[in-house]
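Have a look at the structure below, then the notes.
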There are 2 protein chains.
Amino acid sequence: MSVPPEEAAKDIFEVVPIIMREIRSVMRSKRPPVLTVPQYRALSFVDRNAGSSLLDVANHLGLTPPSTSKLVDGLIGHGLMTREEQPVDRRRLKLAVTDRGHKDMIAARQGTLAYLTDRLRNMDEGDREVIVRAMKALHLVFTGNPKIGERWG
Amino acid sequence: MSVPPEEAAKDIFEVVPIIMREIRSVMRSKRPPVLTVPQYRALSFVDRNAGSSLLDVANHLGLTPPSTSKLVDGLIGHGLMTREEQPVDRRRLKLAVTDRGHKDMIAARQGTLAYLTDRLRNMDEGDREVIVRAMKALHLVFTGNPKIGERWG
DNA sequence: ATAATTAGTTAGAAAGGCTAATCGTTAGAA
DNA sequence: TTCTAACGATTAGCCTTTCTAACTAATTAT
């Protein structure tokens, strides 16, 4: 039986915001320290791509450069990231994650994954397989990249 | 082959924020009028459940009553919702969506669905079926409700 | 050399979220 | 029945996130 794209879109639009709210809520509930979802995403990205510029991060997060600048300001203020000048092109920043930033990022990830894992533990195993396949397909559609998981190194 | 809950959790945590960012970005890009995701969700809920109280909406959105009060204030200020007193219990509000609120909500929904549909159009049909099944399973896990789609009336 | 482009920041506004305190209404118990 | 407890909603005050517009500094191209 055929599944039109409209139907899949409807279901995604219904369910994704619900899950996202849970994720946000879990990440906010850990304290201290607190990492918001964008903060976590920024740390994670720079951690994987050492020496990223501000625009690299902005593109990855889907934020404007000013918003990203403020976000990075905050992370630096909390000692989770550093901002260096590059001799090659003095306009471009060279961002890097500090040890503490790395630790906080891992902690935030673990906390959230533990929560999600717990939610998924009692479900039908076939459903979990379907979810994994769906996430891979969606990742491809929305990023052009078929591979999930580089993020986790 | 067995899919442990940890793996599904990881994939969800990777992919859901990406999709959510797209949804948010599409909803923000329509103008005028602009509806944010929580605004859309509040309108949609009240539209389906005419006469809802503020707490009903707050529970649905997962927000505190004060936050919801502000959100509703904004919607009323833009002429998208009305707030009435109930004679039965004068503490409880009776919220309702105006014609314009209904129209804006439909427009926001259509715009977002059109975007998502477009993204999903060129994918393998089997993948779409997997996505639909995954969304239903996730909806059940995160809401306790197996049924998606009441939202759309 | 000067103009255009690029990277990033600052300024100012709006939205969205929280907790704590308050007000009016209703329900329950002495 | 009265008085107290609980409930629904708002206000006040705070902080964060995001935007757009305007700016500075550095680099590239004409």
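Keep in mind that what you see is a predicted model, and the values were worked out from it rather than measured. Just so it is clear: chains get the letters A, B, ... in the order the sequence lines come, proteins before strands, and each one is counted from 1.
If A:Ser67 and A:Arg90 are placed on DNA chain D by their nearest nucleotide, the residue sitting closer to the 5' end is A:Ser67. Comparing A:Gln86 and A:Leu71, the nucleotide of DNA chain D nearest to each residue sits closer to the 5' end for A:Leu71.
Summarising the geometry, the separation between CE on B:Met20 and P on D:dT18 is reported as 12 Å, rounded to the nearest angstrom. Rounded to whole angstrom, the span from the CZ atom of B:Arg24 across to the C1' atom of D:dT18 amounts to 10 Å. Counting to the nearest Å, the C1' atom of D:dT18 and the CE atom of B:Met27 are 16 Å from each other. Here D:dT17 presents its C1' atom at 15 Å from CG of A:Leu35, a figure rounded to the nearest Å.
In this structure the side chain of B:Val3 never reaches within 4.5 angstrom of the side chain of A:Arg133, judged on heavy atoms. Contact of the A:Leu43 side chain with the A:Leu80 side chain is registered, since non-hydrogen atoms from C-beta on lie closer than 4.5 Å. Under the 4.5 Å side-chain criterion, counting only non-hydrogen atoms from C-beta, A:Phe13 is in contact with B:Leu113. In this structure, B:Phe142 and B:His139 have side chains that are not in contact, with every pair of non-hydrogen atoms separated by 4.5 Å or more.
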When every nucleotide of nucleotides 7-13 of chain D is labelled 5' to 3' by its protein contacts under 4.0 Å (heavy atoms), B for base, S for sugar-phosphate only, - for none, what sequence of letters results?
BSSBB-B
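No continuous path of ILVMFWY side-chain contacts below 4.5 Å connects A:Leu75 to A:Leu55, so the two sit in separate hydrophobic clusters.
We find that A:Asp127 and B:Lys136 are not joined by a salt bridge, their nearest charged nitrogen and carboxylate oxygen being 4.0 Å or further apart.
In this structure, B:Ala9 and A:Leu120 approach most closely via the heavy-atom pair N-CD1, 3.5 Å. Taking each heavy atom of A:Gly111 and A:Val26 in turn, the nearest pair found is O-CG1, 4.1 Å. For B:Leu138 against A:Ile131, the heavy-atom pair with the smallest separation is CD2-CD1, 3.5 Å.
For A:Thr36, a side-chain nitrogen or oxygen approaches OP1 or OP2 of D:dT17 to under 4.0 Å.
At a threshold of 4.0 angstrom between heavy atoms, the contacts of A:Leu63 are confined to the sugar-phosphate backbone, with no base atom among them.
When Watson-Crick and G-U wobble pairs are counted only if both distances are under 3.5 Å, D:dT20 pairs with C:dA11.
Read 5' to 3', the first and last nucleotides of DNA chain C with an atom closer than 4.0 Å to a heavy atom of chain B are C:dA15 to C:dT26.
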